[in-house]
Amino acid sequence: MSRNLAWKLGWYRQSELDGALLLGRMVSHTDDPYLIERLTRHCAEEATHSRLWEEAIRELELPHVRIHRSIQSFYMEHTRPPASLLEVLCFTQIFERRVHKRFIAEAADPATPEPARRAFLQMIEDEKDHLGWVGLWLKDQPGASECLTRFQQADLAVANQLLPYENHIHDLPDLGKETSGASGQLHAADR
Ligand SMILES: [Fe+2]
Ligand SMILES: [Fe+2]
């Protein structure tokens with residue numbers, strides 16, 4: 001159980017960071033002040049989410065897992081990667097809808113330990129704004145609806161692909177590597 005939790009939270013930590021990096025890179029693709037502001041804030045919040053997972057992992061004294069690929073990377077097995085700001089935001093919208101639903105379920109699960117629940121609740125709040133601004137912006141964009149459908153189809157395929165691994169995430173091929181207690185030592189050395 002705690003092994004699966006360590007892998008799951010490590011996977012979330014890495015995936016939030018990947019989200020932050022993707023959105024942060026998009027800032028240089030626009031000269032619209034509204035998008036610059038929104039993307040910068042969105043990027044910063046995803047990076048904060050990654051930090052919240054890192055803190056929850058430490059508070060729960062879980063082993064750190066070195067994760068090699070984000071949840072988002074699985075989508076690229078089912079569709080081509082987003083290649084423009086519009087495509088990145090369509091992908092973000094579909095992915096965050098999935099995340100939002102998932103986090104609500106995990107926060108409500110009595111098996112979820114308290115530090116993780118706190119992190120979920122914080123992220124559920126932030127996600128409302130992420131879904132809101134991106135959804136609103138996409139409404140006016142030509143081509144958004146087709147693009148959303150493309151990522152929606154990939155989303156269903158990914159959900160089916162990952163479902164059998166729910167309780168043994170470490171068995172997902174090439175997902176990551178356990179680092180045998182190195183985190184405790186590193187933190188002790190930090191202080
Ligand atoms: Fe997030
Ligand atoms: Fe988000």
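In this text the structure is predicted, and so the values were computed from the model without any measurement. First listed ligand is number 1; within each ligand, the first listed atom is number 1. Hydrogens, waters and symmetry mates play no part in the numbers below; they use all other heavy atoms, side chains included.
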- [ ] Mind listing the closest non-hydrogen atom pair of Q72 and G19 along with its distance?
- [x] NE2-N, 3.5 Å
TODO: Taking the side chain as every heavy atom from C-beta outward, state whether E54 and Y12 have any atom pair closer than 4.5 Å.
DONE: no
Open item on the list: How wide is the angle at the Fe ion (ligand 1) spanned by H49 ND1 and E16 OE1, rounded to 10 degrees?
Closed with: 100°
In [X], which N, O or S atom comes closest to the Fe ion (ligand 2)?
X    : result
E46  : OE2
E127 : OE2
E96  : OE2
H130 : ND1

Open item on the list: Under a 4.0 Å threshold between the charged nitrogen and the carboxylate oxygen, would R38 count as salt-bridged to D129?
Closed with: yes
Open item on the list: Just verifying a value: how many Å separate E45 CD and L52 CG, rounded to the nearest 0.5 Å?
Closed with: 10.5 Å
Open item on the list: Tell me whether E114 at atom CD has more than 12 heavy atoms from other residues, nucleotides or ligands lying less than 6.0 Å away.
Closed with: yes
